[in-house]
Trainee: 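This is the structure, below, for whatever I ask next.
Numbered from 1 within each chain, the chains take letters A, B, ... in sequence-line order.
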There are 2 protein chains.
Amino acid sequence: MQEEVTTEQRILEAAEDVFMHEGFAGARMQQIADKAGINKAMLHYYFRSKDKLFELILQYKMRQFLPQITAALRDDSLTFFDKLDRFIMAYLGMLRKNTRLPLFIISAINRNPELMASFNLKVGREIAEMMQQEIKKGHISPVHPQQFVLTLIGMCIFPFLARPIFRSVFELSNDDYDHLIAERHLHVMQYARAILKTARE
Amino acid sequence: MQEEVTTEQRILEAAEDVFMHEGFAGARMQQIADKAGINKAMLHYYFRSKDKLFELILQYKMRQFLPQITAALRDDSLTFFDKLDRFIMAYLGMLRKNTRLPLFIISAINRNPELMASFNLKVGREIAEMMQQEIKKGHISPVHPQQFVLTLIGMCIFPFLARPIFRSVFELSNDDYDHLIAERHLHVMQYARAILKTARE
DNA sequence: GTCTATACGGTGATAGAC
DNA sequence: GTCTATCACCGTATAGAC
């Protein structure tokens, strides 16, 4: 039960910050060392290389947000649409607290797709499987599950990727765009319903 | 009327290739020089610095695809929904020929938002304005234009950003995923219609 | 564990001969 | 225009004293 924050922890926090802002190629070990208040030698003492450190941060960030998101889908007392709403709320809420996460993860995986091997992102498959059941029951229209999941996740994530572009296109201030994002869940929920309930109910 | 390709052109093509694959921070001037069949000194002779060269490539790529896309919206003989369909077809068709473009541009603008200043991406605003007119006329339901445009563009772009992630999640081969993308326009058109025609017609 | 010092290669960029 | 040689600097990584 130590009172002070360990050096290892300070390094991890600094590395998270730098990697999230600069990406892997743009990040500098010197910058991480400075932010952690130590010298570069210590980085290599605690974490052998830049690659290892980056992989740790990536795994940490991926596993950090997954539980909150998937929890929404596991409550079997809820209807499919209620689960969907909870999922959208949880997802967008998490993203609003981690606005740089999407570009960080997408860049990392595109740079080195093998990194996906260590993750088991079943949340997408879970939604797709739920949809197939709901389609069988006739609760929703027969939408292509994978295409819909791609759309659903994209509706949540894309605003965080395209922020500077859309701010410029629509000439929005930072506050304006924050407001757009704060209301995003209402629109995503509505759009998802519209897609799934086409010519039904 | 020169018969041979100029050195400048060879450099630009090499730079485009390297920057598109590696991003700015990951790209190496040496790699560009090698690919162009010249040495590093020539790069600086033709284009003063890495920054200038990158900016040129970014501008070239942004301006290259815009005309094809916007053309779809300009044909006033078409109805709004037909324009939308053409836009989706043109956009997805262009992306299938430039699969790395989305991550390239999004990374570039997120790294340096000031770069947006040199572009006038009115296509988003044009769609939003068309929507407002259609809403007034009662042709579509009163959807928030900016939220919808964000969704529409995201539905087109996101599959190209999330390719390695979704391939892993759904355990798809490269061919499987290509097939998903080849059919994407049908689903996007259908989803857009569902959103815009909620409880109407 | 923490530091200083340093190795070694690669970086973008420039000078100057041809 | 094109090349070689070289610059000053920074990158990651390591060795060794304390």
Trainee: Closer than 4.0 Å, any side-chain N/O of B/R28 to the OP1 or OP2 of C/dG10?
Mentor: no
Trainee: Going by the side chain to side chain donor-acceptor pair (under 3.5 Å) test, name the single residue among A/K197, A/E134, A/Q133 that passes it with A/H139.
Mentor: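 When side chain to side chain donor-acceptor pair (under 3.5 Å) is applied between A/H139 and each of A/K197, A/E134, A/Q133, only A/E134 qualifies.
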Trainee: Kindly indicate whether a cation-pi arrangement holds for A/R184 with A/F160, taking the cut-offs as under 6.0 Å to the six-membered ring centre and within 45° of the axis.
Mentor: no
Trainee: Is there a residue in residues 7-24 of chain B whose heavy atoms reach under 4.0 Å of DNA chain D, and which residues are they?
Mentor: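 Correct list: B/T7.
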Trainee: Could A/K50 and A/F24 be counted as a cation-pi pair, given that NZ or CZ must be under 6.0 Å from the ring centre and within 45° of the axis?
Mentor: yes
Trainee: So, using side-chain hydrogen bond (donor to acceptor under 3.5 Å, both in side chains) as the criterion, who are the partners of B/E129 when residues are at least two apart?
Mentor: none
Trainee: For A/G154 and A/P159, work out which heavy atoms get closest and say how close.
Mentor: O-CD, 4.1 Å
Trainee: May I have the distance from A/Q30 (atom CD) to C/dT4 (atom C1'), rounded to whole angstrom?
Mentor: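 That distance rounds to 14 Å.
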Trainee: With heavy-atom distances below 4.5 Å as the criterion, would you say the side chains of B/L73 and B/R86 are in contact?
Mentor: no
Trainee: Flag the pair B/R193 and B/D85 as a salt bridge only when some basic side-chain nitrogen lies within less than 4.0 angstrom of an acidic carboxylate oxygen.
Mentor: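 The answer is yes: the pair qualifies as a salt bridge.
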Trainee: Check this for me: does any side-chain nitrogen of one of A/D178 and A/R163 sit under 4.0 Å from a carboxylate oxygen of the other?
Mentor: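 The answer is yes: the pair qualifies as a salt bridge.
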Trainee: Under 4.0 angstrom, heavy atoms only, what part of the nucleic acid is B/A27 near: base, sugar-phosphate, or nothing?
Mentor: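 Answer is sugar-phosphate: B/A27 comes under 4.0 Å of backbone atoms only.
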Trainee: At a heavy-atom distance below 4.0 Å, what parts of residues 33-57 of chain B sit against DNA chain D?
Mentor: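 Result for residues 33-57 of chain B: B/N39, B/A41, B/M42, B/Y45, B/Y46, sorted by number.
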